[in-house]
Q: 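Before I ask anything, here is the structure I am working with.
Small disclaimer: the values here were computed from a predicted structure and weren't measured.
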Amino acid sequence: MSLRFADPASPSLPLTLVPESALAEALARLPAPARAWAGAQGFTAALGQCCVLPDEGGAPAGALFGLGNPAQRARGRFHLAKAVDLLPEGAWHLEGALSPAETDEAALAFLLAAYRFGRYKAAASPKALLKCPAGVNAARIEAIAAGEALTRDLINTPASDMGPDELEAAFTALAARHGASTRVVAGEALLAEGFPMIHAVGRASPRAPRLLDLRWGDAGPRLTLVGKGVCFDTGGLDLKPAASMGLMKKDMGGAATVMGLAEMIMALGLPLRLRVLVPAVENAVSGNAFRPQDILISRKGLTVEVNNTDAEGRLVLADALALADEEAPDLLLCMATLTGAARVALGPDVPPFYTDDDALAAALAAASARVADPLWRMPFWAPYESLIEPGIADLDNAPSGGMAGSVTAALFLRRFVTATPRFAHFDIYGWQPTAAPARPKGAVGQGARAILAALPEVLGI
């Protein structure tokens, strides 16, 4: 799907952004017939209200879009997306006073509002297009929109068409688009090359587990992204109930998100050396499935007691993180749809992230606010380390007690990163439960835009 701006040379109509506080002034600037029309339509500049203005012959001459008041705008984001389905066909340009960050957000909102997942059912795209506003980097916003669309497409695709094979195909296609190299270790080769936990989690499926490895760039700081690629999670022998299994096609949301972020980074040609690692598996049930109380020996050499086969994501991530850590990149980021505990703590819209690096945390938080991509820092709480130590093995993949589940999962992952100076883990949801501006119900990227915005400060590029 192409989410792009209108041709900058094309004729366009004005879309005037009107806060409630500037309503009288905006109406006063209109010709008398247009002012009368706006009044007859009840335009009050309420947030999300759109009024198309006709010319003397009845054809569209422009439109007004309400921005409400600051308190209303602060309760959401991407408000301009509401205009996309309300505007007539053609090119439009923005008029109205916005800050640079607000203008970037408005431009991205317009592009993302055109996203449709039409693989299984035809979905008409909106006909209104936006010319890139002055001061906005069109290539950057289009690259961000493309990365977000890739993430959404991957997560929205059901597991019948998005297993480890298909995720590998999407991964290699991403690499081919940008001249990156890839390597895949699959099936029994995982054991030979030292990825026993990826193999254990995925071996019960007829679709072989694998580790996907992408490299791009030959100069600059090293950035490694690791994404959880559990293409479907039955829970394994600790089988999920049906209600909990219903959204498990999205359990590869971490992989989809790092792939979307990689799309942005490579399309923009950032001066860095990028590596992307995705352990791609299906957690299935069969006679050779891994079992509760099995003890697995990880790539790192740490032993892990399996106290719940439904806590499999941290197992496959651990082997991938251990590999990433062996070359000690300048920055290592892990993204995963890892725990329900994170949703209980912060809901579906605000993913927590964990890092020991205060400067990295501050950069991510500032970027998150700047680009309207919510994140919230949570602690690697050292007193909980004992909760992930079962006694019979080095680590427990599913501590008992039912408390601090997102924190203990993050602590588990941190055990596999010992050489890398800067590490952060993101416990994302990857799903929009109800439709919101620029985010239809279904798959959604989380954290990628904030990370992209923070990279220049974090890596000095």
Q: Test side chain to side chain contact (heavy atoms under 4.5 Å, CB included) on L331 and L459 and set out the steps.
A: CA-CA 8 Å; L331 179 62; L459 293 178; 3.9 Å; yes
Q: Any carboxylate oxygen within less than 4.0 angstrom of a Lys/Arg side-chain nitrogen, looking at R377 and D358?
A: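 Result for this pair is yes, salt bridge flagged.
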Q: Do any N or O atoms from the side chain of R222 and from the backbone of L274 form a donor-acceptor pair under 3.5 angstrom?
A: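 Not at all, since once roles are kept as given, no pair shorter than 3.5 Å links the two residues.
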Q: Indicate yes or no: at least one non-hydrogen side-chain atom of V304 is less than 4.5 angstrom from one of D294.
A: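 No. Closest side-chain heavy atoms not under 4.5 Å.
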Q: Say you draw a straight line from OG1 of T408 to CE of M403; how long is it, rounded to the nearest 0.5 Å?
A: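 One finds 12.0 Å between OG1 of T408 and CE of M403.
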Q: Ion pair present between R439 and D349, side-chain N to carboxylate O less than 4.0 angstrom?
A: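 Answer for the salt bridge query: yes.
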Q: Hey, does the side chain of D213 reach the backbone of T182 with a donor-acceptor pair shorter than 3.5 angstrom?
A: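 Absent.
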Q: Taking S205 for the side chain and A284 for the main chain, is one N or O donor matched with an acceptor at less than 3.5 Å?
A: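 Between the backbone of A284 and the side chain of S205 there is no qualifying donor-acceptor contact (under 3.5 Å).
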Q: Determine, step by step, whether H79 and Q72 satisfy the side-chain hydrogen bond (donor to acceptor under 3.5 Å, both in side chains) criterion, reporting the C-alpha distance in whole Å, the side-chain angles of both residues, the deciding distance to 0.1 Å, and the verdict.
A: CA-CA 10 Å; H79 300 296; Q72 292 169 332; over 6 Å; no
Q: For T234, which residues count as a side-chain hydrogen bond (donor to acceptor under 3.5 Å, both in side chains) partner, sequence neighbours excluded?
A: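 side-chain hydrogen bond (donor to acceptor under 3.5 Å, both in side chains) check on T234 returns nothing, list empty.
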Q: Can you tell me if D394 uses its side chain to pair, donor with acceptor, with the backbone of T303 under 3.5 Å?
A: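 Yes; at least one donor-acceptor contact below 3.5 Å.
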Q: State, with a plain yes or no, whether a side-chain heavy atom of L261 is found less than 4.5 Å away from one of T257.
A: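 A side-chain contact is absent here, since even the closest heavy-atom pair is not under 4.5 Å.
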Q: Scan side-chain atoms only and decide if D373 and S368 contain a donor-acceptor pair under the 3.5 Å cut-off.
A: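 No, because no side-chain N or O of D373 sits under 3.5 Å from a partner of the opposite role on S368.
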Q: Quick one: does any side-chain atom of Q446 pair with a main-chain N or O of P348 as donor and acceptor, under 3.5 Å?
A: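 It does hold such a pair.
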Q: Would you please name every residue forming a ring-ring contact (aromatic ring centres under 6.0 Å, His included) with F423, sequence neighbours left out?
A: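 Partners of F423 under the ring-ring contact (aromatic ring centres under 6.0 Å, His included) test: none.
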Q: Looking at side-chain heavy atoms only, is the closest gap between P292 and N307 below 4.5 Å?
A: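 They are not in contact (no side-chain heavy atoms under 4.5 Å apart), so the answer is no.
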Q: Check the pair D427 / M378 against side chain to side chain contact (heavy atoms under 4.5 Å, CB included), numbers first and verdict last.
A: CA-CA 10 Å; D427 193 340; M378 295 271 275; over 6 Å; no
Q: Begin with the C-alpha distance, continue with both residues' side-chain angles, and end with the deciding distance and a verdict on salt bridge (charged side-chain N to carboxylate O under 4.0 Å, His left out) for R116 and D85.
A: CA-CA 12 Å; R116 300 290 186 273; D85 288 317; 3.1 Å; yes
Q: If you measure from the Lys or Arg side-chain nitrogens to the Asp or Glu carboxylate oxygens, is any gap between R203 and E282 under 4.0 Å?
A: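 Salt bridge absent between R203 and E282.
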Q: Verify the neighbour count for atom CD1 of I295: are there more than 12 heavy atoms of other residues, nucleotides or ligands below 6.0 Å?
A: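 Enclosed.
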Q: Mind checking the CG-CD1 spacing from L272 to I461? Nearest 0.5 Å is all I need.
A: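 Reported to 0.5 Å precision, the distance equals 4.5 Å.
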Q: What pairs with K127 under side-chain hydrogen bond (donor to acceptor under 3.5 Å, both in side chains), at least two apart in sequence or on another chain?
A: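 For K127 there are no side-chain hydrogen bond (donor to acceptor under 3.5 Å, both in side chains) partners, ignoring immediate neighbours.
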Q: Does anything in residues 425-461 form a ring pair (Phe, Tyr, Trp, His ring centres under 6.0 Å)? List the pairs, not counting sequence neighbours.
A: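 Those involving residues 425-461 are F353-F426, Y354-H425.
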Q: Examine the side chains of D357 and T355 and answer whether a donor and an acceptor come within less than 3.5 Å of each other.
A: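 Short answer, no.
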Q: For D233 and D251, indicate whether the former's side chain and the latter's backbone hold a donor-acceptor pair under 3.5 Å.
A: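 Side chain of D233 to backbone of D251, a donor-acceptor pair under 3.5 Å: no, none is there.
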Q: Looking at D165 and R207, is any side-chain nitrogen of the basic one under 4.0 Å from a carboxylate oxygen of the acidic one?
A: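 No.
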Q: Can you tell me how far the SG atom of C334 sits from the CG atom of L321, to the nearest 0.5 Å?
A: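 Here the rounded value is 5.0 Å.
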Q: For the atom pair CG (L332) and CG (L225), what is the distance rounded to the nearest 0.5 Å?
A: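 If we round to the nearest 0.5 Å, L332:CG and L225:CG are 8.5 Å apart.
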Q: Do the charged groups of R414 and D356 touch, with an N to O distance under 4.0 Å?
A: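 Yes, this pair counts.
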Q: Ring centroids only, cut at 6.0 angstrom: are F412 and F416 within range, meaning strictly under it?
A: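 Between F412 and F416, the centre distance is under 6.0 Å.
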Q: Go through the steps to decide whether T418 and K300 satisfy the test side-chain hydrogen bond (donor to acceptor under 3.5 Å, both in side chains), and finish with yes or no.
A: CA-CA 10 Å; T418 56; K300 195 81 166 179; 2.9 Å; yes
Q: Using the side-chain hydrogen bond (donor to acceptor under 3.5 Å, both in side chains) criterion, which residues pair with R140? Sequence neighbours excluded.
A: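 Expected list: none.
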Q: Under 4.0 Å between a side-chain nitrogen and a carboxylate oxygen: does that hold for E102 and R73?
A: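 So E102 does not pair with R73 through a salt bridge.
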Q: Drop me the distance from I297's CD1 to R299's CZ, to the nearest 0.5 angstrom.
A: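 I297 atom CD1 to R299 atom CZ measures 14.5 Å (nearest 0.5 Å).
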Q: Please determine which of V230, T157, L167, V281 meets the side chain to side chain contact (heavy atoms under 4.5 Å, CB included) test together with M252.
A: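 The residue from V230, T157, L167, V281 that satisfies side chain to side chain contact (heavy atoms under 4.5 Å, CB included) with M252 turns out to be L167.
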Q: Kindly say whether F5 contributes a backbone atom to a donor-acceptor pair with the side chain of E142 at under 3.5 angstrom?
A: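 Yes, because the side chain of E142 sits within donor-acceptor range (under 3.5 Å) of the backbone of F5.
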Q: Taking the six-membered ring of Y115 as reference, does the cationic atom of R152 (NZ for Lys, CZ for Arg) lie under 6.0 Å from its centre and within 45° of its axis?
A: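 Yes; both conditions hold, so R152 lies above the ring face of Y115.
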Q: Look at D325 together with R275 and state whether they make a salt bridge at an N to O cut-off of under 4.0 Å.
A: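 Not counted as a salt bridge, because no side-chain N and carboxylate O are separated by less than 4.0 Å.
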Q: Just wondering, more than 12 heavy atoms not from Y384 lying within 6.0 Å of its OH?
A: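 12 or below, so no.
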Q: Within the distance-only criterion (no hydrogens, no angle test), does the side chain of T151 pair as donor or acceptor with the backbone N or O of G445 below 3.5 angstrom?
A: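 No: the side chain of T151 does not pair with the backbone of G445.
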Q: Hey, does the side chain of T309 reach the backbone of G235 with a donor-acceptor pair shorter than 3.5 angstrom?
A: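 Between the backbone of G235 and the side chain of T309 there is a qualifying donor-acceptor contact (under 3.5 Å).
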Q: Going through the checks in order, is the side chain to side chain contact (heavy atoms under 4.5 Å, CB included) test met by F65 and Q49?
A: CA-CA 6 Å; F65 183 81; Q49 189 180 21; over 6 Å; no
Q: Is a side-chain N or O of N156 found less than 3.5 angstrom from the main chain of A443, in a donor-acceptor match?
A: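 Checked: pair present.
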Q: In Å and rounded to the nearest 0.5 Å, what is the CG to CG distance from L211 to L323?
A: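 Between L211 CG and L323 CG, I get 6.5 Å after rounding to 0.5 Å.
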Q: Is any side-chain N of the basic residue among R415 and E385 closer than 4.0 Å to the acidic one's carboxylate O?
A: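 A salt bridge is present here (some side-chain N lies under 4.0 Å from a carboxylate O).
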Q: Under 4.0 Å between a side-chain nitrogen and a carboxylate oxygen: does that hold for R273 and D330?
A: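 Salt bridge between R273 and D330, a charged N being under 4.0 Å from a carboxylate O: no.
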Q: For side chain to side chain contact (heavy atoms under 4.5 Å, CB included), just list the numbers for R314 and T339, CA-CA rounded to whole Å, side-chain angles, deciding distance to a tenth of an Å, and then say yes or no.
A: CA-CA 10 Å; R314 66 201 70 184; T339 70; 4.0 Å; yes
Q: For R370, enumerate each residue passing the side-chain hydrogen bond (donor to acceptor under 3.5 Å, both in side chains) test, keeping only those at least two apart in sequence or located in another chain.
A: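 So R370 forms no side-chain hydrogen bond (donor to acceptor under 3.5 Å, both in side chains) with any residue.
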Q: Decide, yes or no, whether a salt bridge links R77 with E105 under the criterion of side-chain N to carboxylate O below 4.0 Å.
A: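 No salt bridge links R77 with E105.
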